[in-house]
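A short worksheet on the structure shown next.
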Amino acid sequence: MNAYISRVLSGLKEKNAHEKEFVQAAEEMLPTLSAVVDNHPEYEKTGLLERFVEPERVIQFRVPWTDDSGTVRVNRAFRVQYNSAIGPYKGGMRFHPSVNLGILKFLGLEQTIKNSLTGLPMGGGKGGADFDPHGKSDGEVMRFCQSLMTEMYRHIGFDTDVPAGDIGVGKREVAYMFGQYKRIAGAFNGVLTGKGLSFGGSVGRTEATGYGLCYFAQEMLKKRGDSLRGKTCVISGSGNVAVYAAEKATQMGAKVIAMSDSQGYIVDESGIDLDQIKSIKEIERARISEYTARGKGVYSAGSSGIWHVPCDIALPCATQNELDLEGAKALVLGKVKLVAEGANMPTTMDATEFLTANGVLFGPGKAANAGGVSVSGLEMTQNAMHLSWTKEEVDTKLQAIMADICKNASVAAKRYAGNEEDYVTGANIAGFLKVAEAMMAQGAV
Ligand code: NDP
Ligand code: 2IT
């Protein structure tokens, strides 16, 4: 490893020892940049990496809200404004009890590289709160979102920081946050993406991450003269990313045989009935185990068992570190050909190494799941132009962006790692170079 990188990494580990996901993301990313850092001694003189691994700004605030029984509750929320070298901060908000600063910093770092890969002018940001939307009424979620935005509105703006959704934040939550922003700021603009179609949202944003993931997987397979057609597919999660990955994979001729949620997984060898999943998860907001109550499939408790279902393609689309070495071994035993990450950092580092060492094609999240933020970028463009594109226009642009990301990652992988299928190195380098160039040009800021 390049000596400068090694020094920055040990400093980062010392300073952020308690932020294990942030350390993990940096440990995965920085060493892969060795070849380019070797070529750019000026990075060290200008402290480029020290700046790159430190978020530009972190905002932490309390969110008091009143539950249905009249009791006041308090959650902790953050906005991490990670890097604005190439555009306004851009990235989702996550509502999940596990949310803490380390998780949001890892996500901000990943987002910075991901957004650069899209080719659109977006910097990296991420935010969230340790609020659990499960089991809350619409009124409680609304009051929580309004209280959160009452503080956050002063820190964001359509040309400074543009939040969107992530785990626990979908259309409903974005809409409540948008309504409160508009009310306080007195401005109707594209300050959030993932908005409803009747108030500035883009067609295709809901589907974009999952669809983009399948377009990316298809590109990777195409290079091997293969495709998704006829493949069996296992998809973890049953949220926004998982559902639309399943929809597109099915449209592309694959058969999705297993999906999960945080409690367990279902297997349906005849092909998952997605209408049922959508109704269970999107409308009833219930558990995936409900699927079997409709006379379909087999349910098993525990979400990690899903990797033991033999398949050609595995798409982890739930959360970080959900696919560990044991899961990777099970997938290889089941003859998996491709793993592409719909979630952010779902695969542990040893699992990734095991998969690639066994010839499995591996698509890292910051490249493979960039479709969501890409269409968010297209939503910002449409808002700025005060017009709306058609479904076909958005989908054509999304397909082109995913193909470009795959090509650019592969070209960088070949050039710097001597292996055009090393998408981990390729994506990190291709994304980083553009951010580094902008940071160098703008001086030590
Ligand atoms: P959703 O909230 O819509 O769905 C999350 C899914 O993951 C649910 O099925 C949930 O199960 C499951 N899940 C959440 N936490 C855990 C956990 N700790 N262990 C096991 N399963 C869990 O989120 P999204 O689909 O939007 O996000 C999924 C992943 O994709 C995240 O990593 C996110 O960062 C990433 N991503 C999202 C994008 C987007 O546009 N939304 C874009 C790019 C990446 P349950 O229902 O039981 O809670
Ligand atoms: O991880 C991600 O890329 C997202 N949650 C989407 C971010 C966005 O701004 O659309």
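None of these values were measured; they are calculated from a predicted model. Along the sequence shown, residues carry numbers from 1. Excluded from the calculations below are hydrogen atoms, water molecules and symmetry mates; all remaining heavy atoms, backbone and side chain alike, are included. Atoms within each ligand, like the ligands themselves, are counted from 1 in listed order.
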(message) Please determine whether any non-hydrogen atom of Met345 lies less than 4.0 Å from an atom of ligand 1.
(response) no
(message) Tell me whether ligand 1 is touched by Arg287 - counting only heavy atoms on the residue side and a distance under 4.0 Å.
(response)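 Checking ligand 1 against Arg287, which is what was asked, there is a heavy-atom contact under 4.0 Å.
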Going from [atom1] on [X] to [atom2] on [Y], what distance comes out if it is rounded to the nearest 0.5 angstrom?
X      : Y      : atom1 : atom2 : value
Asn428 : Glu110 : CG    : CD    : 7.5 Å
Ile113 : Met29  : CD1   : CE    : 5.0 Å
Met259 : Ile306 : CE    : CD1   : 8.0 Å
Phe52  : Tyr82  : CZ    : OH    : 6.0 Å

(request) May I ask you to test the Trp307-Glu322 pair for a side-chain heavy-atom distance under 4.5 Å? (result)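 Yes; the side chains approach each other to less than 4.5 Å.
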(message) Please determine whether a side-chain nitrogen of the Lys or Arg among Asp275 and Arg294 lies less than 4.0 Å from a carboxylate oxygen of the Asp or Glu.
(response) no
(message) Check this for me, if you would: do Arg51 and Glu54 make a salt bridge, where the nitrogen-to-carboxylate-oxygen distance has to be below 4.0 angstrom?
(response) no
Distance filter under 4.0 Å to [X] heavy atoms, resulting ligand 2 atoms:
X      : answer
Gly165 : 4 (C), 5 (N), 6 (C)
Ala164 : 8 (C), 9 (O), 10 (O)
Ser376 : 8 (C), 9 (O), 10 (O)

(message) Hydrogens and angles aside, do Lys171 and Thr206 bring a side-chain donor and acceptor to less than 3.5 Å of each other?
(response)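 There is such a pair between these side chains.
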(request) Kindly state whether the ring of Tyr299 and the ring of Tyr291 have centres lying under 6.0 angstrom apart. (result) no
(request) Would you please indicate yes or no on a ring centroid separation below 6.0 angstrom for Phe61 and Phe78? (result) no
Out of [options], indicate the one that has the non-hydrogen atom closest to [atom].
atom                   : options                        : answer
atom 1 (O) of ligand 2 : Glu110, Lys366, Lys90, Lys114  : Lys114
atom 5 (C) of ligand 1 : Gly194, Gly91, Gly239          : Gly239
atom 4 (C) of ligand 2 : Glu379, Met122, Lys126         : Lys126
atom 5 (N) of ligand 2 : Asp166, Thr118, Leu192, Asn115 : Asp166

Considering only non-hydrogen protein atoms, determine which one is nearest to [atom] and report residue, atom name and distance to 0.1 Å.
atom                    : answer
atom 6 (C) of ligand 2  : Arg205 NH2, 3.5 Å
atom 10 (C) of ligand 1 : Ser262 N, 4.3 Å
atom 7 (C) of ligand 2  : Gly92 N, 3.6 Å
atom 37 (C) of ligand 1 : Val241 CG2, 3.4 Å

Which atoms of ligand 1 have any heavy atom of [X] under 4.0 Å away?
X      : value
Ser238 : 9 (O)
Arg94  : 31 (C), 32 (O), 33 (C), 34 (O)
Gly237 : 9 (O)
Gly168 : 2 (O)
Gly342 : 30 (O), 35 (C), 36 (N), 44 (C)
Lys281 : 46 (O)
Cys317 : 28 (C), 29 (C)

(request) Using distance alone, decide if ligand 1 has a nitrogen or oxygen within less than 3.5 Å of any nitrogen or oxygen in Lys126. (result) no
(request) Select one of side chain, backbone, both or neither to describe which atoms of Val162 lie under 4.0 Å from any atom of ligand 2, heavy atoms only. (result) neither
(message) Under 4.0 Å, heavy-atom basis, I'd like to know which part of Asn369 is in contact with ligand 1: side chain, backbone, both or neither.
(response) both
(message) Tell me whether the count of non-hydrogen atoms from other residues, nucleotides or ligands lying under 6.0 Å of CD in Glu393 goes above 12.
(response)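 Enclosed.
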(request) Measure the acute angle between the ring planes of Phe131 and Trp65, then classify it against the limits of 30° and 60° as parallel, tilted or perpendicular. (result) perpendicular
